[in-house]
Amino acid sequence: DGGITQSPKYLFRKEGQNVTLSCEQNLNHDAMYWYRQDPGQGLRLIYYSQIVNDFQKGDIAEGYSVSREKKESFPLTVTSAQKNPTAFYLCASTRSDTGELFFGEGSRLTVL
Amino acid sequence: SQQGEEDPQALSIQEGENATMNCSYKTSINNLQWYRQNSGRGLVHLILIRSNEREKHSGRLRVTLDTSKKSSSLLITASRAADTASYFCATYDDMRFGAGTRLTVKP
């Protein structure tokens, strides 16, 4: 089955530590996205990549970093510079013809 | 920038009633999409309407698009408790979301 796989599902980290969230897709989609969702809120765009080896900042990129070395993978690193990293993180990819977004099941990060 | 903005923020209805939620956007679009999110899960694509379409149906879902008003509406007919979720719109041109409409269907 094709889809988006995010891992880990739950992650705990101490303040001052960097953490990397994994996102893998086998849908052969060119574009991939990372969103952050806080409780009861909508999704905010962190970073997106429309092609391998290229990515752009979204609306809340500060304190985050990404890489896109392979078409299938778009990992997100939450750095210690992110002041309030506790949130639900969603990864998605799009069909290039319609822009339909396919989402993973999310990673919930809690900073202790 | 943020294209899609949904309203109302919250909607509570009884099972069997219809639910209508709205989406407004700012600039011209290629298409507009509606998504559903169950609590703690990823979003799931529901329906897409292209800029040259005015209405589209899929099962109990009906979507309309008014490009002159830059708005769309999602109607869920004969709602069920299982429809309880948050609903979001997004445009192909922007890939950004509003705060969503939180729908509660009471059995």
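Note on naming: letters A, B, ... go to the chains in the order of the sequence lines (proteins, then strands), and numbering restarts at 1 for each one.
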Atom NZ of A:K57: over 12 foreign heavy atoms under 6.0 Å: no
Considering all heavy atoms, the nearest B:Y35-B:A90 contact: CE1-CB, 4.4 Å
Residue A:E105 versus chain B: region with a heavy atom under 4.5 Å: both
Contact class of A:R44 relative to chain B, heavy atoms under 4.5 angstrom: neither
Among the listed options A:I4, A:L45, A:T94, A:L101, the residue most often paired with chain B at heavy-atom distances under 4.5 Å: A:L101
Toward chain B, the part of A:Q37 with a non-hydrogen atom under 4.5 Å: side chain
Ring centre gap for B:H45 and A:F102 strictly below 6.0 Å: no
Residues B:R96, A:D59: salt bridge by 4.0 Å N-O rule: yes
Side chain / backbone / both / neither for B:Q9 at chain A, heavy atoms under 4.5 Å: neither
A:R68, CZ atom: more than 12 neighbouring heavy atoms under 6.0 Å: yes
Interface moiety of A:S107 toward chain B, non-hydrogen atoms closer than 4.5 Å: neither
Neighbour count above 12 (heavy atom, 6.0 Å) for A:Q56 CD: yes
Side chain / backbone / both / neither for B:L48 at chain A, heavy atoms under 4.5 Å: side chain
